[in-house]
Amino acid sequence: MRYFIRFAYDGTAFHGSQRQPNGITVQETMEKAIAKVVGHPVHVTGCGRTDAGVHADMFCCAFDSDTPLRGDKLCCALNFHLPRDVSVYDAREVEEEFHPRYHAKGKRYVYRIWNGNQRHPMYEKYAIWLKKPLDVEALNRIAQDYVGTHDFAAVRSVGTDVKSTVRTVYYYTVERLGNLITLKVCANGFLYNMVRIMVGTLISAEMGKLRFDIPHLLLNADRTLA
């Protein structure tokens, strides 16, 4: 039987989501908790990867087990064995062919900027602090250049080994509430460090620090221009 789990985590203490030989990861933590519940080792397949320090409020994974489990009981049992910075809030049996990565309809990243004169302790782990006032209308306008199907090689970490750097961005929005600016980008997939480079390039464009506009960067697929 295959089981689906939806959970959230604070990524501060983890070395990313995917299991690594050195450092505690979300996958390793989840596999250990599941093994205690079902009574045997399991392999967890996630919907994607997150880097060290990245948080998730709707991460999905799946695992196989012959142990009959009820979704509500599974949530409670797993949360009993999980640390305080990870919490399962949905669990259920799914079709055997279900795959959390290949069946995902989209992936969304949320990036936050504390745009105030002084830092805010509540956002130390959850927002980047920028003092210079940012024009949200300009950010929103420029961000639309990312929307659509493009080659995003210019906004990924150099040396990333993938078959294709073409991705489709469904939307990119920028909103302000007081000093907190929230950027939301949804796509069919992301390249390594793509979101943070998109944000940095967007801010640089708003500040007038780029030699070329974003369409030019994407068209030339040159990381050094972003």
[atom1] of [X] to [atom2] of [Y]: how many Å apart, nearest 0.5 Å?
X: L74; Y: N79; atom1: CG; atom2: CG; result: 9.0 Å
X: T149; Y: Y170; atom1: OG1; atom2: OH; result: 8.0 Å
X: D64; Y: H40; atom1: CG; atom2: NE2; result: 9.0 Å
X: Y171; Y: T173; atom1: OH; atom2: OG1; result: 6.5 Å
X: M122; Y: L180; atom1: CE; atom2: CG; result: 11.5 Å
X: C75; Y: F80; atom1: SG; atom2: CZ; result: 15.5 Å

For [X] and [Y], indicate whether the former's side chain and the latter's backbone hold a donor-acceptor pair under 3.5 Å.
X: D51; Y: V54; answer: no
X: Q18; Y: T25; answer: no
X: D151; Y: A153; answer: yes
X: S87; Y: A8; answer: no
X: S17; Y: V26; answer: no
X: Y3; Y: L69; answer: yes
X: E206; Y: D135; answer: yes

More than 12 non-hydrogen atoms from neighbouring residues, nucleotides or ligands closer than 6.0 Å to [atom1] on [X], yes or no?
X: K132; atom1: NZ; answer: yes
X: R49; atom1: CZ; answer: no
X: M58; atom1: CE; answer: no
X: Q144; atom1: CD; answer: yes

Does [X] reach the side chain of [Y], with side-chain heavy atoms less than 4.5 Å apart?
X: C60; Y: F4; result: yes
X: H81; Y: V37; result: yes
X: T165; Y: V162; result: yes
X: R167; Y: F190; result: no
X: T201; Y: Y146; result: yes
X: N140; Y: Y172; result: no
X: M194; Y: F152; result: yes
X: T45; Y: H43; result: yes

For [X] against [Y], the heavy-atom pair lying closest together:
X: P100; Y: A104; answer: O-CB, 3.6 Å
X: I197; Y: S157; answer: CD1-N, 3.7 Å
X: M30; Y: C61; answer: CG-SG, 4.5 Å
X: C47; Y: K107; answer: O-NZ, 2.9 Å
X: R19; Y: E31; answer: NH2-OE1, 2.7 Å
X: L217; Y: A154; answer: O-CB, 3.4 Å

Same cluster for [X] and [Y] if Ile/Leu/Val/Met/Phe/Trp/Tyr side chains link at under 4.5 Å?
X: I24; Y: I34; value: yes
X: V169; Y: V166; value: no
X: I214; Y: L134; value: yes
X: V136; Y: V199; value: yes
X: V94; Y: F63; value: no

Output every pair passing side chain to side chain donor-acceptor pair (under 3.5 Å) with a member in [range], not counting sequence neighbours, ordered by first then second residue.
range: residues 92-101; value: D90-R92
range: residues 108-126; value: D10-K125, D10-Y126, N115-R176
range: residues 177-188; value: none

- Decide side-chain contact (heavy atoms from CB on, under 4.5 Å) for V185 and V147; before the verdict, give the C-alpha distance in whole Å, the side-chain angles of both, and the deciding distance to 0.1 Å. CA-CA 9 Å; V185 55; V147 177; over 6 Å; no
- Query: Do NZ/NE/NH1/NH2 and the carboxylate oxygens of E28 and K32 come within less than 4.0 Å?
  - Reply: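 Result for this pair is yes, salt bridge flagged.
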- Query: Between Y9 and F59, how do the two ring planes meet: parallel, tilted or perpendicular, split at 30° and 60°?
  - Reply: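 Perpendicular: the ring planes of Y9 and F59 meet at over 60°.
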- Item | Audit row: F14, D85, side-chain contact (heavy atoms from CB on, under 4.5 Å) steps and yes/no | CA-CA 10 Å; F14 296 106; D85 47 7; 3.7 Å; yes
